[in-house]
Amino acid sequence: MKDSSISSETVFPRHLFWIILSCCILIQGLALRQTFNREIEGTYPFAYDQSAYLTQVYEAYEKSRDEGLVAGLKEALLSPGRPQGVLLQGEATLLSTVLGASRGTCLATIFAQFALLQVVLLLAFRRITGAVDWGFLAIGLTLLTTSRYFYAGGLDDFRLDLAASSLYGSALCALLASNYFANQKWSIAFALLSAALFATRFIAVTYTLIAATLTLALVLVETRRIPTWAAGVPRMRLAIIAVFGSVVLVLPLFFANFTSLYQYYFVGHLQSSEGPIRAAEQGVYGWQAAMLFYPLSLVSNHLGSVFVRIVGLLLGLFVIVVTLDRRAGRKPTSGPEDARNTPLDIAVSIVWVLVPLGLFTFDIAKSPVVASTMVVPVVTCVVLILHFFRPTAWQIRRAFAAIVLLLGVAFTVSAHLKRRPAFEEMKGLKDLYAAVDQIALDAVDQRGRTIKFATDSLAPYLNGNSAKMMIYERGGPLVATQEVLAGTVLTVPKEQALAAIDVADYALVTLSKPSSENSVLPFDSAMASYRSDLRRRAFSQMILMSRVEVSDHTFEIFARPAFRLAGKSGDWLSSEGAKLTFPAAALKDRPYLLLSGRTYHSDQFKDGLKCNAFLLPARLAVPSIAHMATDSYAIALDLTKVGAEQSRTVEIALEFPTYFVPAERNINSDTRKLSVWAPSSYRLVASKSEYPPELNAQPPAKR
């Protein structure tokens with residue numbers, strides 16, 4: 001088919017349709033940028049998978065800075081233990097060398113894949129139908145789908161799903177545009193797009209090759225009546241080279257991850273008990289629910305009600321217009337599209353929907369994210385059906401395409417204007433980030449050491465990957481982390497969980513999480529039964545950094561080394577004082593200790609808070625500064641004269657000459673001489689310049 005044969009009435013000027021497409025993509029990019037600035041940048045990355053992929057990019061980028069771009073790309077593409085795919089991380093690493101490593105840069109790579117899909121849709125349907133109208137109609141329908149706004153795997157979520165579904169749809173369009181390998185350029189495009197798809201998501205090689213093989217079978221059956229294809233040996237040779245050549249291109253990536261591929265898919269999906277657990281997590285019980293899960297997920301989560309209604313309306317309008325044309329005896333203008341076997345194209349599109357649908361359904365594990373794979377083949381099928389029953393007047397077809405494209409762009413802008421759940425969680429996020437910033441400070445002082453995390457929940461808020469990612473995005477170093485608890489949905493024995501607390505540098509212990517109380521995940525259920533023991537073990541060895549509430553999840557973050565405080569009177573420190581004990585090694589690079597906590601009745605301290613500190617057992621005076629605000633206090637101890645080599649443990653006596661007695665002030669019947677609540681935060685710093693402003697303004701306590 002040659003472009004010169006295209007009817008003049010259906011041809012856009014070349015520069016015009018490129019301008020329209022460029023404006024369409026630009027509007028989408030600006031809308032996404034606004035969403036990113038408003039609601040994505042500065043918030044935690046939802047879900048464990050995204051944190052893992054982001055840290056892979058950041059690790060590769062830092063390696064490229066240290067050892068060169070080739071080393072960084074090798075880290076991104078050939079590192080073992082990545083069974084899902086690697087190309088998206090490699091693309092993000094490459095783009096980071098130009099724009100800098102950030103979540104925005106990573107998300108830009110996903111948007112680029114989606115933009116590429118729109119270009120391929122336009123060119124492919126122009127090739128198939130002889131008019132760009134149908135390409136714009138396909139783009140408009142694609143923009144009306146909701147897949148890219150799903151809570152996971154969308155434009156604002158750095159994982160493989162949207163990139164893979166865009167490449168899968170692009171490969172199908174290239175296959176159709178090649179007229180089943182009759183055109184060399186489009187056949188090469190199919191091979192390259194398929195290879196990119198396989199490298200982005202390794203498992204895609206299964207359903208793509210099956211779909212391509214079934215396509216060739218359909219074509220061979222169909223061409224019994226059209227023997228030109230079967231007689232074309234060069235065409236068959238090109239088909240074999242394109243299909244299997246795409247696999248050959250990515251074999252090095254498969255070999256680098258062979259062991260992890262085997263463990264993740266064969267062992268993890270076929271032999272382990274995780275599959276039924278993942279199905280139960282989605283409420284799938286019984287074969288009927290399993291059979292319906294992905295069709296329902298495709299329609300409700302990824303196509304959406306707007307798409308379904310618009311398609312239904314279009315089909316109805318096309319039927320009406322075509323019926324009127326037939327009654328009037330009008331026929332569509334002849335053109336190159338008449339040479340196409342459109343029913344075959346429709347059948348091929350259906351095959352490319354049914355093959356992944358069947359494989360996903362066969363897999364016991366269920367995930368609502370992966371149904372996005374079938375979105376573009378559904379759109380392609382719809383457009384081909386509409387093209388098969390096309391109206392006579394090309395003006396009507398162009399009007400339909402223009403309206404749908406405008407609706408798609410409007411839907412896109414509207415979707416980006418909607419608020420995300422992060423706004424409702426910002427209060428909790430501030431507390432979480434304060435803890436992450438403290439971890440970052442500790443990481444700077446202990447650079448080179450692997451920081452171990454124990455997390456008693458599968459929530460994404462603070463595990464090893466999320467902590468590494470958040471520290472890096474907030475301007476900190478790229479720390480080495482290890483998860484000693486979590487990272488599985490299976491049951492972890494109690495002793496193993498407690499042992500993880502013993503070796504962890506930081507531990508997240510849940511106080512309440514209603515959504516997991518009746519969780520079908522064995523890990524969550526087991527952790528809920530150990531909760532009090534885990535918390536007790538954390539308290540015995542660590543310090544409580546903070547208590548955080550994000551969404552419905554309330555948890556405490558504990559840190560090591562543990563500062564132990566003896567002599568508390570309930571939750572209070574009294575005039576009798578207390579003894580603070582902690583490892584002397586902690587003072588090696590940070591000889592200043594900051595204590596802070598909350599207090600009630602600060603108005604009872606007319607002369608302010610006073611704290612005297614002495615190094616035991618010799619009772620050597622330790623310079624101290626104290627400040628009390630309305631509902632909190634802060635104390636700084638200068639421990640620069642404490643030799644870390646003198647003893648393995650530092651013991652400091654804290655005394656509070658200023659106090660009040662609640663009973664004497666008619667507050668309650670408590671007769672204790674109270675000063676402040678026991679410290680809730682302990683922080684070692686390297687210099688006085690890191691003191692809070694209120695302490696820098698205070699003179700040292702007089703002796």
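- Panel note: side chain Ser414, backbone Ala410; no donor-acceptor pair is recorded below 3.5 Å.
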Stepwise side chain to side chain contact (heavy atoms under 4.5 Å, CB included) test for Cys381 and Val353: CA-CA 9 Å; Cys381 186; Val353 173; 5.7 Å; no
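- Using a 4.5 Å heavy-atom cutoff, the side chains of Gln34 and Leu417 are in contact.
- The heavy-atom pair separating Pro356 from Thr373 by the smallest distance is CB-CG2, 4.3 Å.
- Between Ala76 and Val86, the shortest heavy-atom contact is O-CB, 3.6 Å.
- For Gln184, there are no side-chain hydrogen bond (donor to acceptor under 3.5 Å, both in side chains) partners, not counting sequence neighbours.
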Could you list the donor-acceptor pairs under 3.5 angstrom formed by side chains in residues 135-143, with sequence neighbours left out?
residue, atom, partner, partner atom, Å
Thr142, OG1, Ala138, O, 2.8

CA sep, side-chain torsions, deciding dist, call: Ile350, Ile346, side chain to side chain contact (heavy atoms under 4.5 Å, CB included): CA-CA 6 Å; Ile350 293 174; Ile346 295 172; 4.1 Å; yes
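- Closest approach of Phe360 and Val370 over heavy atoms only: CE1-O, 3.6 Å.
- Residue Phe258 qualifies as open at atom CZ: its count of foreign heavy atoms under 6.0 Å is 12 or below.
- A donor-acceptor pair under 3.5 Å is formed between the side chain of Gln50 and the backbone N or O of Phe158.
- Inter-residue side-chain proximity for Val376 and Leu172 is flagged as unmet; no heavy-atom pair is nearer than 4.5 Å.
- Between Leu87 and Val250 the shortest side-chain heavy-atom distance does not fall below 4.5 Å.
- Side chain of Gln28 to main chain of Cys24: a donor-acceptor pair is present (N/O by atom type, distance under 3.5 Å, no hydrogens or angles).
- For Tyr168 and Trp352, the gap between ring centers is short of 6.0 Å.
- Between atom CD of residue Glu91 and atom CG of residue Leu77 there is a gap of 9.0 Å, rounded to the nearest 0.5 Å.
- In this structure, the side chains of Leu107 and Leu155 stay at 4.5 Å or more apart for every pair of heavy atoms.
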Test side chain to side chain contact (heavy atoms under 4.5 Å, CB included) applied to Arg237 and Phe181, step by step: CA-CA 9 Å; Arg237 186 185 301 118; Phe181 306 105; over 6 Å; no
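- The backbone N or O of Tyr149 lies less than 3.5 Å from no partner atom in the side chain of Thr146, so there is not a single donor-acceptor pair.
- Sorted by first and then second residue, the salt bridge (charged side-chain N to carboxylate O under 4.0 Å, His left out) pairs involving residues 296-323 (not counting sequence neighbours) form an empty list.
- The line from CH2 of Trp186 to CD1 of Ile128 is 8.0 Å long, rounded to the nearest 0.5 Å.
- Scanning all heavy atoms of the two residues, the minimum distance from Val120 to Cys173 falls at CG1-CB, 3.7 Å.
- Between Thr208 and Val243, every side-chain heavy-atom pair lies at or beyond the 4.5 Å cut-off.
- The backbone N or O of Thr215 sits nowhere less than 3.5 Å from a side-chain atom of Tyr180 that would complete a donor-acceptor pair.
- In this structure, Leu30 CG and Thr412 OG1 are separated by 12.5 Å, a value rounded to the nearest 0.5 Å.
- Listed by chain and number, the residues in a side-chain hydrogen bond (donor to acceptor under 3.5 Å, both in side chains) with Asn257 amount to none (sequence neighbours excluded).
- Evaluation of the ring-ring contact (aromatic ring centres under 6.0 Å, His included) test over residues 104-134, restricted to residues two or more places apart or in two chains, returns Trp134-His387.
- From Ser147, atom OG reaches atom CG of Asn301 across 9.0 Å, with rounding to the nearest 0.5 Å.
- Heavy-atom minimum distance, Met374 versus Leu357: SD-CB, 3.5 Å.
- A 4.5 Å side-chain heavy-atom check between Tyr53 and Asp49 finds at least one atom pair inside the cut-off.
- A side-chain donor-acceptor contact under 3.5 Å links Thr35 and His416.
- Taking the six-membered ring wherever Trp is involved, the centroid distance between the rings of Phe318 and Phe389 does not fall below 6.0 Å.
- Ile403 contributes atom CD1, which lies 13.5 Å from atom CZ of Arg398 (distance to the nearest 0.5 angstrom).
- Side chains of Leu88 and Gln113 form a contact here, defined as non-hydrogen atoms less than 4.5 Å apart.
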Chi angles and distances behind the side chain to side chain contact (heavy atoms under 4.5 Å, CB included) call for Leu122, Phe17: CA-CA 9 Å; Leu122 182 65; Phe17 74 74; 3.6 Å; yes
side-chain hydrogen bond (donor to acceptor under 3.5 Å, both in side chains) assessment of Arg148 paired with Ser165: CA-CA 10 Å; Arg148 63 198 184 282; Ser165 64; over 6 Å; no
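- Remark: Ser166 OG to Ile110 CD1 distance equals 9.0 Å, nearest 0.5 Å.
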Donor-acceptor list for residues 190-205 side chains, cut-off 3.5 Å, not counting sequence neighbours:
residue, atom, partner, partner atom, Å
Ser194, OG, Phe190, O, 2.8
Thr200, OG1, Ala196, O, 2.7
Arg201, NH2, Asp161, OD1, 2.6

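- When all heavy atoms of Gly153 and Val369 are compared, the closest pair comes out as CA-CG1, 4.2 Å.
- Side-chain atoms of Lys185 do not come within 3.5 Å of backbone N or O of Asn183 as any donor-acceptor pair.
- No side-chain heavy atom of Phe307 sits less than 4.5 Å from a side-chain heavy atom of His302.
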